[in-house]
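What you see is a predicted model; the values in this text were computed from it and never measured. Computed over heavy atoms, backbone and side chain alike; hydrogens, waters and symmetry mates excluded. Throughout, protein chains are lettered first and strands after them, A, B, ... in sequence-line order, and every chain is numbered starting at 1.
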Amino acid sequence: MAVLDVKHLTVGYGKVQAVRDVNLSLEKGEILGIVGESGSGKSTLGSAITKLLRPPGKILSGEIRFEGEDLVPLTEKQLRHKRWTDISVVMQSGMNALNPVATIRRQFEDVILVHQPMGKAKMAERVDEMLQLVNIDPVYADHYPHELSGGMKQRVSIALALVLDPKLILFDEPTTALDVVVQRFIVQNLKMLRRRYNFSALFISHDLGTVLEIADRVAVMYAGQIVEMQTTRNLLRHPKHPYTEALLRCFPDPRAEIIEAVGIPGTPPDLADITPGCPFAPRCTRSISTCFSETPAYVMEKDTGLACHLAGREAEVQA
Amino acid sequence: MADVILSLSQVNKTYVTRKNGRNRNVWAVRNVSFDLKRQHIVALVGESGSGKSTIAKLITGVERSDAKSGSILFEQKPLAEWRRHMREYRRHVQMVFQDPYAALNPLNPVNYAVGRPLTNYKKLRGQAREQEIEQILQQVHLTPVREFANKLPFELSGGQLQRVVIARALASSPKLIVADEPVSMLDVSIRAEVIGLIDELRTQAGVSFLYITHDLISARLLADEIVVLYRGTVVESGDAKTVVREALHPYTQLLLQAIPNPWAPEQDENFDMSLLERTGDDTGCVFRSRCPHAMEACAKTAPTLQPHGEKQQVACLLYSAESREPVNS
């Protein structure tokens, strides 16, 4: 059974629907990458799944099944039992997620005592172990966040998210504010941790390169919808949605003989003013008349999905 | 040389901090030298703390470099002399910042932001000022111009805002624009437009750019030359394409390896995680504590920037004059 099964999820802020009819599922030990540009709804999706949406954000419809149980109707109190022990999060700026006036050790102890109390000695052992997992010398346990570098703080946030061995972890832009070398290190570190703990994860980022490197499967979001979902391997080799193709072209190989700046002309649509048709059609180089009049349905098949009118048509043309 | 617009030679910047009651010198910039030719783009590349933004502050006159050593020449005239004519200097040297959302006053429309430098530096008014604003907005492709001129920052996208910031920098007809991470806050799909715009302005408006970034890919896309900084020192510099394709310094190589490259997953496994740790020590090579090729000599001698081939300079003992080739790689 899937660890997470999201069905027809729609999330709105007032009249604006930031996430529209999203379907996805996540198996045990799987990392699903979610990529999209600013305003694509990827972070809203993450907050909705972990039930961390803040008003005016609201789940308008759909189900979020975690181990079979729908999280949508649960109260804060019921969710509390699941937080950290079952589901945890790592946010973009781990630096700001840590309490500045508590030592690193205190922050671990707070989490443990609330969710899974244990003795002081055992707790100390656990803190040391967790810090070592993310390559931080345990002497830093008694330091304050401001004494650590940005990369170290982000690794502490990751260790904190892992401390109670959760089944699902949401990573929301965990490497964005960091240097490339540190980013690379964190991605490597996460891969190792996943092998060891076999947790499932949603990895949200605007950086397709990083997502492709860490995720088993990738969902590409555009204007609040998933437009394509495929295994990382296939997405790289055979992207089906024109937006995915265009995004991939934005990441050139730096060492190529000739290198060219490639972008996607145009801007994403205004979510407050969604008209019928494919939201990407105005920027798409291959759009046909249907793209402007009918919204393409998201067609799922096993672990893949695609919302594009061109699907199938190309096969016709080629045949 | 008349074609060099900006020249840094042996520039230093030291900050003094107090720790445990004792003064301590922090070297932010150390013996940095490079030239920027007219209509050229030089990229300063390095991670946080490498000193790239400090150099921007020194060049724009926000900070002063250490008095005892080195010099910054703009149009063959030392910065110390320009200091007496700061207004004129600022007219020639403008800056573009990383975060376009924070760089504009949210209460003022686009034509105000672009118009202020025209009033300040060119004493333009009324009709002439309006025309100039229109012409500049045209130049950065914010069209239809009349529509954009009256918009407020919140009505614009990130890419459009960055165009306004660039337009504002262009308004005083500068000779040099220092752009500090101008695209890193923008989505990948719109970065190309801004990069294209900068390239266009260099050719059409004849502006030279100092492009500061941590991203070697965009540096190669945009710049003629790349200067790689590590902890305040230049470790490698030269022709952009050569530096990226035939990186010599172990730090440049590390930066390249760190770029996610899903097309070559095997490279992944070669990434040595121990290279992350760094312990500062002021003697010898600045990079040696993270360097996979560090030798005994690296702790004793600080390598200086030496030419390697025709298009590149590197500060590394692996390529010292005697051997010319890597000693052990």
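For Ile259(A), the parts lying near chain B are the backbone and the side chain together; criterion is any non-hydrogen pair under 4.5 Å. At a 4.5 Å heavy-atom cutoff, the contact between Thr267(A) and chain B is made by side-chain atoms alone.
Counted within 6.0 Å of OH on Tyr140(A), heavy atoms from surrounding residues, nucleotides or ligands total 12 or fewer; the atom is thus considered open. A 6.0 Å sphere centred on NZ of Lys151(B) holds more than 12 heavy atoms belonging to other residues, nucleotides or ligands.
Identified by a heavy-atom distance below 4.5 Å to chain A, the contributing residues of residues 211-219 of chain B are His214(B), Ile217(B), in residue-number order.
Scanning both residues, Asp187(B) and Glu37(A), for their nearest heavy atoms gives CB-OE1, 3.1 Å. Here the closest non-hydrogen pair linking Val181(A) and Ala258(B) is CA-CB, 3.8 Å. The two residues Pro260(B) and Glu213(A) come nearest to each other via the heavy atoms CA-OE1, 3.3 Å. The shortest non-hydrogen separation linking Gly263(A) to Ala192(B) is N-CB, 3.3 Å.
The greatest number of non-hydrogen atom pairs below 4.5 Å with chain B, out of Ala256(A), Cys250(A), Gly39(A), is found for Ala256(A). Of the listed residues Arg237(A), Arg249(A), Glu257(A), Glu260(A), the one with more heavy-atom pairs under 4.5 angstrom with chain B than any other is Glu257(A). With chain A as the partner, the residue from Arg245(B), Glu193(B), Gln160(B) showing the most heavy-atom pairs under 4.5 Å is Arg245(B).
Taking 4.5 Å as the limit, every side-chain heavy atom of Arg220(B) sits out of range of all side-chain heavy atoms of Arg255(A).
From Ile258(A), atom CD1 reaches atom NZ of Lys241(B) across 6.5 Å, with rounding to the nearest 0.5 Å.
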